[in-house]
Amino acid sequence: MPELPEVEVVRSGLEPAVTGARVESVTVLDTRSLRRHDGPAEDFVDRLAGRTILGVVRRGKFLWLPLSADGDAGPEALVAHLGMSGQVLLRDRSTDDALTRIRLELRHPRLAELRLNFVDQRIFGSMAIDPLVATGDGRPGGYSGALAPWPDAWIPGQVAHIARDPLDPAFDDARFLAALAKRRTGIKRALLDQTLVSGIGNIYADESLWAARIHFDEPTGTLSARRARTLLAEVRLVLARALAEGGTSFDAQYVNVNGASGYFSHSLNAYGRHGQECPRCGRPLERASFMNRNSHFCPHCQRLR
DNA sequence: CCTCACACCTGGGTGC
DNA sequence: TGCACCCAGGTGTGAG
């Protein structure tokens, strides 16, 4: 479940159920879902089994579950990225899901036994055990909700290069705007670059650009500081609204930890609406090929300057 | 260092 | 029904 709102729906669903739970057993059904793990599947299983989950943290589209100490190893976390089609489903111990790639059996002190199925059709997502490293700015590594004994200024090594997301209180607006102004590329490319700002994918890039009336291919070099600030504000509004509606779902693939879909697809103004009327000006929205995917926009409201 | 093209993958839906 | 084809919301890597 890809973009920030959908991943946050997963994070917030996992948090009360897995915080404090012990990992009783781990089954790797497809080793390709360990693409991000540095080592063989046996190493993943050995390092995860028996440990207790301390919380659930998210930065952008990355999730990680800090783990209790294990011998001489430094602080580590179970990292999960959902890629294009990943799901994390909480089930009872008798329920299986098609396309489950990794299965964890958990025991929670109050909620007792449960099963966590990592499901992924395309296998662009993956799990990993990764050492935690100190954040560069001393601020919390990501968002961990209210329950966890975080915030701690730690982040998995493999996530450290990802920028903070626009809903993170430690996101530095001035730094982002300065970095954006230095780029020599199109604005949508920049929005999708997770090392510049994280959490935005194809849907919310198109929605934010539509809201800010900016063409997806407008060069970052000609975007005024004022319009860039407007765009950042619209990004935040779009992400927050989508989050409030439980994320965007077009089909059964993008669901929360209980398998339920969000409602934001009903609130989309541009994404997937090519051929239909622009909700603002009434003229037809268009779709254009861009970066091996599609961009949805209003050619009247979003003119290339 | 920055930018961009490309590789990595499957199965559900659609149309003939 | 069967089957070929199309499509999908992301990230890491390496060339230039």
Side-chain angles (χ1 to χ4, degrees), chain A residues 1-10 29-38 58-64 79-88 97-101 118-128 130 156-163 165 178-210 216-217 219-221 235 238-239 242-243 245-256 261-268 270-274 287 289-296:
Chain A
M1 303 198 128
E3 306 182 43
L4 186 154
E6 293 77 35
V7 179
E8 176 55 26
V9 165
V10 172
L29 300 159
D30 194 321
T31 58
R32 291 174 298 178
S33 289
L34 291 176
R35 184 185 318 248
R36 288 181 173 79
H37 182 73
D38 183 19
R58 179 193 55 74
R59 174 185 289 203
K61 306 169 194 173
F62 278 86
L63 285 174
W64 64 93
V79 177
H81 194 287
L82 302 172
M84 295 278 267
S85 55
Q87 303 174 315
V88 176
D97 293 290
L99 306 178
T100 296
R101 312 296 187 183
F118 182 79
V119 174
D120 191 6
Q121 183 201 114
R122 294 177 73 184
I123 324 184
F124 284 174
S126 93
M127 287 186 147
D130 200 33
Q158 64 176 261
V159 188
H161 68 291
I162 298 293
D165 62 66
L180 184 67
K182 278 190 205 153
R183 287 295 175 99
R184 288 296 171 265
T185 187
I187 184 61
K188 183 170 173 181
R189 272 201 156 84
L191 282 183
L192 294 176
D193 182 345
Q194 305 295 301
T195 66
L196 189 61
V197 54
S198 68
I200 305 165
N202 206 35
I203 295 177
Y204 299 113
D206 283 0
E207 289 299 304
S208 303
L209 289 165
W210 179 86
F216 63 87
D217 218 9
T220 48
V235 165
V238 166
L239 293 177
L243 194 47
E245 295 183 37
T248 300
S249 299
F250 302 120
D251 52 42
Q253 197 153 86
Y254 303 96
V255 295
N256 67 14
S261 296
Y263 295 96
F264 193 69
S265 55
H266 304 291
S267 303
L268 294 172
Y271 187 87
R273 299 193 69 248
H274 47 289
R287 180 175 69 175
S289 180
F290 176 77
M291 285 175 78
N292 290 326
R293 58 218 326 192
N294 287 309
S295 276
H296 310 78

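Lettering follows sequence order; numbering is per chain, from 1.
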Whether Tyr271(A) contacts dG9(C) is assessed here as follows: a side-chain N or O lying under 4.0 Å from the phosphate OP1 or OP2. Is that the case?
yes

For chain A and DNA chain B, what are the first and last nucleotides along the strand, 5' to 3', with at least one atom under 4.0 angstrom from a heavy atom of the protein chain?
dT3(B) to dG11(B)

Just to verify, what does Arg32(A) make a salt bridge (Lys or Arg N to Asp or Glu O under 4.0 Å) with, not counting sequence neighbours?
Asp30(A)

Close side-chain approach of Trp64(A) to Gln158(A), heavy-atom, < 4.5 Å
no

Between Gln87(A) and Val119(A) (side chain of the first, backbone of the second, donor and acceptor by atom type, cut-off under 3.5 Å), is there such a pair?
no

Scan residues 178-186 of chain A against DNA chain C and write down, sorted by residue number, each residue with any heavy atom closer than 4.0 Å; if none is found, say none.
none

Using only atom types and a distance under 3.5 Å, with no angle test, would you say the side chain of Glu207(A) pairs donor to acceptor with the backbone of Tyr271(A)?
yes

Short N/O separations, protein against nucleotides 14-16 of chain C, under 3.5 angstrom:
none

Heavy-atom check, side chain of Leu180(A) versus side chain of Ile187(A), under 4.5 Å
yes

Can you list the residues that meet the ring pair (Phe, Tyr, Trp, His ring centres under 6.0 Å) rule with His81(A), with sequence neighbours excluded?
Phe62(A)

Say you draw a straight line from CE of Met127(A) to CG of Asp120(A); how long is it, rounded to the nearest 0.5 Å?
10.5 Å

What stems, by residue range, does DNA chain C take part in, given at least 3 consecutive Watson-Crick or G-U pairs under 3.5 Å?
B:2-8 with C:10-16, B:10-16 with C:2-8

Does Asn294(A) reach a base, just sugar-phosphate, or nothing at all? Heavy atoms under 4.0 Å.
sugar-phosphate

Got a list of protein N/O to nucleotides 10-13 of chain C N/O distances below 3.5 Å?
| residue | atom | partner | partner atom | Å |
| --- | --- | --- | --- | --- |
| dG10(C) | OP1 | Lys61(A) | NZ | 2.6 |
| dG10(C) | OP2 | Asn202(A) | N | 3.2 |
| dG10(C) | OP2 | Arg293(A) | NH2 | 2.6 |
| dT11(C) | OP1 | His81(A) | NE2 | 2.9 |
| dT11(C) | OP2 | Lys61(A) | NZ | 3.1 |
| dG12(C) | OP2 | His161(A) | NE2 | 3.2 |

Phe290(A): which residues meet the ring pair (Phe, Tyr, Trp, His ring centres under 6.0 Å) condition with it, sequence neighbours left out?
Phe216(A)

Could you tell me the separation between the CE atom of Met291(A) and the CG atom of Asp217(A), rounded to the nearest 0.5 Å?
10.5 Å

Between dT13(C) and dC9(B), how many Å separate the two P atoms, rounded to a whole number?
14 Å

In the structure I gave you, are the side-chain heavy atoms of Leu192(A) and Arg293(A) within less than 4.5 Å of one another anywhere?
yes

Please name all residues satisfying salt bridge (Lys or Arg N to Asp or Glu O under 4.0 Å) with Arg183(A), sequence neighbours left out, ordered by chain then number.
Asp193(A)

In chain order, what residues pass the salt bridge (Lys or Arg N to Asp or Glu O under 4.0 Å) check against Arg36(A), with sequence neighbours excluded?
none

Go through the structure and list residues passing side chain to side chain donor-acceptor pair (under 3.5 Å) with Ser295(A), not counting sequence neighbours.
Lys188(A)

With a 4.0 Å cutoff (strictly under), does any side-chain N or O of Asn292(A) reach OP1 or OP2 of dC7(C)?
no

Return the set of residues passing salt bridge (Lys or Arg N to Asp or Glu O under 4.0 Å) with Glu8(A) (not counting sequence neighbours), or none when no residue passes.
Arg11(A), Arg58(A)

Note: Arg122(A) and Met84(A) closest approach over all heavy atoms is NH1-CE, 3.1 Å

